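Down below is the structure, laid out as structure tokens.
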Amino acid sequence: MNWENKEIDESVQGTATMIEGETDGLKKLYLESYGCQMNFSDSEIVASILTKSGFSTTRNPLDADVILLNTCSIRENAEQRVRNKLSQFNTIKKNNPALVIGILGCMAERLKTELLEQEKLVDLVAGPDAYRDLPNLIDTADSGQKAVNVLLSREETYADISPVRLGKNGVNAFISIMRGCDNMCSFCVVPFTRGRERSRDPESILNEAKELFEKGFREVTLLGQNVDSYRWNITKKNEVIEPSKPTVSFAQLLEKIALVNPLLRVRFSTSHPKDMTDDVLHVIAKYHNICKYIHLPVQSGNTDVLARMNRGYSREWYLERIKAIRTILPEASISSDIITGFCGETEEEHQDTVSLMKICNFDYSYMFSYSERPKTLAERKFKDDVPEDVKKRRLNEVQTLQHDLAFKNNSAAIGKTFEVLVEGISKRSSDEVYGRNSQNLTVIFPKENFKPGDYAMVKITESTSATVRGIAVNNN
Ligand code: 5AD
Ligand code: SF4
């Protein structure tokens, strides 16, 4: 999913996320989230389930009765960070043997035996579809037994659970619209860690968006590993499941959410190039409040590499999708994910990625060097044969190029005026606020009387490759 975003690399470091407001006398939970936005969104579901069963939260792991890490398996270094953290938490347990340490999320299924039985780093393991079982699992762990539930479900969407909002600004929120992934990209561990694709009831999504708006939120991001394959009441073969009820596609869902209120911005993530249709682009064009920003991971610019990756599209197909975006949504920004040094990648194939990035003129890219993951198609079929130093050199090359593209694109914003949704006070100066424009560009400008949740028209005056600055204009 979008996946991955800026959040990913920041979050790989680990962000402690907690429920606001502590309640004395109850059991205390310390919850930390790694990985993608979907994982962060899952932590909000976990927080909701455990608050209902009497937990309060703490920012301090030393105060906790239960420590849970919501983990990521996407690359090896993400897993390594979690292991280091677990070792640290186990030193706390030496002085507090009643402490329960657990892992949730993507590492759960992969490493349950290793972490629970061999290395004895955890007391509890719960996979992404097992969060309703957490209160029981914690009881089991409390009684001194090992607690495990890593069953993957074909139905679980947590549709009825109202997430506790852990992001603190009260302006943006994630709404999970589907879970799992059926794509089987050969490099990717997600189908194994998160299971089969399933879509969430559109009514529950709509209600969540309405409630968020009423509580003052002004932006929702619809999350799914592949939002374009969202479908309700209709099978992949286009067979209607219950003929008396309406079917809902992603384009239709997007439209329903846009209609909640014109002041509620809608984003979504992630689109898949093989599935992204023009009807989604037309819905985006029709509504001012659907953000003009598309995250369309390409992974490689070479058709043979894309075939080895099992992505289901060619270089030409991807470029045609970019053309469709530029035609239907001329003001949209586009970002991508790129992997360097995938199995068998030659220098020429790598250069195809470089040339494609230039043609597409991405505003942002999330770039990674290939990291072989257990059980994946690539692990079984191909040799991880690009030397580490070559992978890193190619990564460096695409990063430098992306930096240049972003710098040029951001410089081109100077003099233009954008509608910015204010998200908070700037970290560097309390006289400034920051927010994003529809194109997902972060804009910093003088605070005046603006507060989080306000919209401001801002004229851009300065730029770097990461952010731009401006001044508010025509705001009465
Ligand atoms: N190695 C490197 N990068 C990966 N990604 C997914 N799996 C791997 C892997 N094994 C990247 C892809 C994906 C993003 C979320 O992470 O670019 O789109
Ligand atoms: Fe998110 Fe899991 Fe994928 Fe990590 S491995 S990015 S947590 S879905």
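Ligands are counted one by one from 1 in listed order, and the atoms in each one are counted from 1 as well. For clarity, every value in this text was computed on a predicted model and none was experimentally measured.
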Can you tell me which portion of [X] lies within the under-4.0 Å heavy-atom range of ligand 1? Options are side chain, backbone, both, or neither.
| X | result |
| --- | --- |
| Phe187 | both |
| Arg75 | side chain |
| Ser369 | backbone |

> Between Ile74 and ligand 2, which part of the residue brings a heavy atom under 4.0 Å of the ligand: side chain, backbone, both or neither?
Replying inline: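 The part of Ile74 near ligand 2 is both the backbone and the side chain.
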
>> Checking Glu79 against Arg373 for the salt bridge (charged side-chain N to carboxylate O under 4.0 Å, His left out) test, could you report, in this order, the C-alpha distance in whole Å, the side-chain angles of both residues, the deciding distance, and whether it holds?
In response: CA-CA 11 Å; Glu79 289 193 354; Arg373 306 312 291 132; 2.9 Å; yes

> Can Lys85 and Glu32 be said to form a salt bridge (charged side-chain N to carboxylate O under 4.0 Å, His left out), step by step?
Replying inline: CA-CA 10 Å; Lys85 248 322 171 32; Glu32 201 167 296; 2.9 Å; yes

Hey, is ligand 1 close enough to [X] that some N/O pair sits below 3.5 Å?
| X | answer |
| --- | --- |
| Asp337 | yes |
| Tyr370 | no |
| Arg373 | no |

> Under 6.0 Å between ring centres, would you say that holds for Tyr364 and His295?
Replying inline: no

When you check the side-chain N and O atoms of [X] and [Y], is any donor under 3.5 Å from an acceptor?
| X | Y | answer |
| --- | --- | --- |
| Glu397 | Gln351 | yes |
| Arg200 | Ser204 | yes |
| Asn437 | Asn440 | no |
| Gln402 | Ser365 | yes |

>> Just to be sure I'm reading this right: ignoring hydrogens, which of Cys72, Ser371, Ala378 gets closest to atom 10 (N) of ligand 1? Compare them by their nearest heavy atoms.
In response: Ser371

> Which of the listed options, Thr340, Val190, Thr376, Ile74, holds the heavy atom that is closest to atom 6 (C) of ligand 1?
Replying inline: Ile74

Just jot down the ligand 2 atoms closer than 4.0 angstrom to any heavy atom of [X], in number order.
| X | answer |
| --- | --- |
| Ser73 | 4 (Fe), 5 (S) |
| Gln225 | 8 (S) |
| Cys106 | 2 (Fe), 5 (S), 7 (S), 8 (S) |
| Cys36 | 1 (Fe), 6 (S), 7 (S), 8 (S) |

> At the 4.0 Å heavy-atom cut-off, does Arg194 count as touching ligand 2?
Replying inline: yes

> Can Gly105 be said to touch ligand 2, with heavy atoms closer than 4.0 Å?
Replying inline: no

>> Within 45 degrees of the ring normal and closer than 6.0 Å to the centroid, is that where the cationic atom of Arg321 sits relative to Tyr313?
In response: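 Because its charged atom misses either the 6.0 Å distance or the 45° angle limit, Arg321 does not stack over Tyr313.
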
> Under the side-chain hydrogen bond (donor to acceptor under 3.5 Å, both in side chains) test, which residues partner Lys93, sequence neighbours left out?
Replying inline: Asp123

> Backbone N or O of Ile290 within a donor-acceptor pair of the Arg267 side chain at under 3.5 Å?
Replying inline: no

> Are Thr442 and Val468 side-chain neighbours, meaning at least one heavy-atom pair lies under 4.5 Å?
Replying inline: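 No, their side chains stay 4.5 Å or more apart.
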
>> Show the atoms of ligand 1 that are less than 4.0 angstrom away from any heavy atom in Gln299.
In response: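 It comes down to these atoms of ligand 1: 12 (C), 13 (C), 17 (O), 18 (O).
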
> Is the distance from atom 2 (Fe) of ligand 2 to the nearest N/O/S atom of Cys72 under 2.8 Å?
Replying inline: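 Checking Cys72: none of its N, O or S atoms is under 2.8 Å.
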
